[in-house]
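What follows is one structure encoded as structure tokens, with my remarks underneath.
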Amino acid sequence: METASGDSSMAKQFAEIRSQLSSSVRVKERIRTVVMEMEATNRLLHSSLTFIHHSPPSSEVQENTGVHVETLKKQLRELADILRDCPGEYYRYHGDWKNEVQFAVSSLCFLHWLDTGKLLTHTEAEERLGLNPQDFGLDVEDYLIGVCFMSNELPRYVVNQVTSGDYNCPGKVLEFLTDLYEAFRMLNLRNDFLRRKFDGMKYDLRKVTEVHYDVKIRGLLPSEDIANGQEVQT
């Protein structure tokens, strides 16, 4: 009888586990459907941003990026609705969508910098994406990685702007990247993906410094910028 009882208990446990696994698979499939849509939207958003590398943002480009951001907000609301049925399991499924959120943050940070010359804060990014920290918030590491991705875009942007005749751009980007790099140094980052992305920021800074120096020695900077002179320690 004990053996039969034990077998019955074991069978019951594994039946429950099978049910839990099946439920998890269904959740993952729903999440994957939304994430695939986010991938497509991020590609469209990034494609729109490539035009900004070569010319000032036009009203058409701004309109397109706004449409894509609104689409991302809708898709993130769909993810939040899915997770609402799985309370307390945000980080169980977080790996399924985090890459797309990081890419979205990167694009938003770049757009915000173009408009203001400042870094989009974590709270502002959360608001721009329509996220609610009490329900479905923006993970801090996802935000920081997105900022690092944005940093990777700046050297190419600087080169393109100089090619287009904007010789002030390298100095502005250099000042911003220097401040950003110093801010990141305040964090006690472990040797993981975020740490590696931060290390890559040093090379972004170096590339921008080289472009700024090249513009400077060629005498292409306005006299007041030459007088101010911008140096950076990397």
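Heavy atoms only: backbone and side chains are in, while hydrogens, waters and symmetry mates are out.
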Using side-chain contact (heavy atoms from CB on, under 4.5 Å), reason through Leu83 and Ile31 one step at a time and then give a plain yes or no.
CA-CA 9 Å; Leu83 267 292; Ile31 289 174; 4.0 Å; yes
One pair to check against side-chain contact (heavy atoms from CB on, under 4.5 Å): Phe198 and Leu144. What are the steps and the verdict?
CA-CA 9 Å; Phe198 163 61; Leu144 292 173; over 6 Å; no
Evaluate Tyr181 against Asp204 for side-chain contact (heavy atoms from CB on, under 4.5 Å), listing each step before the verdict.
CA-CA 10 Å; Tyr181 181 76; Asp204 299 332; over 6 Å; no
Run the numbers on Tyr90 and Asp139 for side-chain contact (heavy atoms from CB on, under 4.5 Å), then give the verdict.
CA-CA 10 Å; Tyr90 177 95; Asp139 179 80; 4.2 Å; yes
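The stretch residues 89-103 participates, sequence neighbours left out, in these salt bridge (charged side-chain N to carboxylate O under 4.0 Å, His left out) pairs: Lys28-Asp96, Glu89-Arg92.
Met186 and Met201 end up in different hydrophobic clusters when Ile, Leu, Val, Met, Phe, Trp and Tyr side chains are linked at under 4.5 Å. Hydrophobic clustering of Ile, Leu, Val, Met, Phe, Trp and Tyr side chains at less than 4.5 Å, counting indirect connections, keeps Trp97 apart from Met36. By the rule that hydrophobic residues join a cluster once side-chain heavy atoms approach within less than 4.5 Å of another member, Val105 and Tyr91 end up as members of one cluster. Using a 4.5 Å cut-off between side-chain heavy atoms of Ile, Leu, Val, Met, Phe, Trp and Tyr, with links allowed through other members, Leu44 and Met150 fall into different hydrophobic clusters. Under the 4.5 Å side-chain heavy-atom criterion for grouping Ile, Leu, Val, Met, Phe, Trp and Tyr, Val140 is connected to Tyr93 within one hydrophobic cluster.
Distance OG/Ser107 to CG/Asn42: 6.0 Å, rounded to 0.5 Å. One distance of note links NE2 of His212 with CG of Asn168; it measures 10.0 Å at 0.5 Å rounding. To the nearest 0.5 Å, atom OH of residue Tyr143 and atom OG of residue Ser106 are 11.5 Å apart. To the nearest 0.5 Å, atom NE2 of residue His46 and atom CZ of residue Phe149 are 11.0 Å apart. Rounded to the nearest 0.5 angstrom, Asp115 CG and Trp113 CH2 are separated by 10.5 Å. The CG atom of Asn188 lies 9.0 Å from the CZ atom of Arg195; values are rounded to the nearest 0.5 Å.
By the side-chain hydrogen bond (donor to acceptor under 3.5 Å, both in side chains) test, Thr65 pairs with no residue at all, sequence neighbours left out. For the side chain to side chain contact (heavy atoms under 4.5 Å, CB included) test, residues two or more places apart in sequence or in another chain that qualify with Arg218 are Asp214, Leu220.
Under a 4.0 Å N-O distance rule, the pair Arg156/Glu153 qualifies as a salt bridge. Taking 4.0 Å as the cut-off between side-chain N and carboxylate O, Glu39 and Arg32 count as a salt-bridged pair. A salt bridge is defined here as a Lys NZ or Arg NE, NH1 or NH2 lying under 4.0 Å from an Asp or Glu carboxylate O, and Arg185 with Glu182 meets this definition. Between Arg196 and Asp192 no salt bridge is recorded (no basic side-chain N to carboxylate O distance below 4.0 Å).
Ser24 contributes no side-chain N or O that, together with a main-chain N or O of Gln20, makes up a donor-acceptor pair within less than 3.5 Å. Here the side chain of Ser164 pairs no donor or acceptor atom with the backbone of Asp166 at under 3.5 angstrom. Under a 3.5 Å cut-off, the side chain of Ser47 and the backbone N or O of Arg43 do not form any donor-acceptor pair. With Glu124 contributing its side chain and Thr121 its backbone, the two residues share a donor-acceptor pair below 3.5 Å. With hydrogens and angles disregarded, a donor-acceptor distance shorter than 3.5 Å links the side chain of Thr209 to the backbone of Leu205.
Through direct or indirect side-chain contacts shorter than 4.5 Å among Ile, Leu, Val, Met, Phe, Trp and Tyr, Tyr203 is connected to no other residue.
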Would you be so kind as to tabulate the donor-acceptor pairs closer than 3.5 Å made by side chains of residues 126-138, with sequence neighbours excluded?
| residue | atom | partner | partner atom | Å |
| --- | --- | --- | --- | --- |
| Glu126 | OE2 | Leu138 | N | 2.8 |
| Asn132 | OD1 | Gln134 | N | 3.0 |
| Asp135 | OD2 | Arg84 | NH2 | 2.6 |

Run the side-chain donor-acceptor check on residues 71-78: report pairs under 3.5 Å with partners two or more places apart or on a different chain.
| residue | atom | partner | partner atom | Å |
| --- | --- | --- | --- | --- |
| Thr71 | OG1 | Val67 | O | 3.0 |
| Lys74 | NZ | Glu78 | OE2 | 2.8 |
| Gln75 | OE1 | Thr41 | OG1 | 3.3 |
| Gln75 | NE2 | Glu37 | O | 3.4 |
| Gln75 | NE2 | Thr41 | OG1 | 3.0 |

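Between Gln102 and Asp142, the shortest heavy-atom distance links the atoms NE2-OD1, 2.9 Å. Glu141 and Leu194 get closest at one heavy-atom pair: CG-CD2, 4.2 Å. Nearest heavy-atom pair across Val147 and Cys109 is CG2-SG, 4.0 Å.
Side-chain rings of Tyr157 and Phe110 approach one another, their centers coming within less than 6.0 Å.
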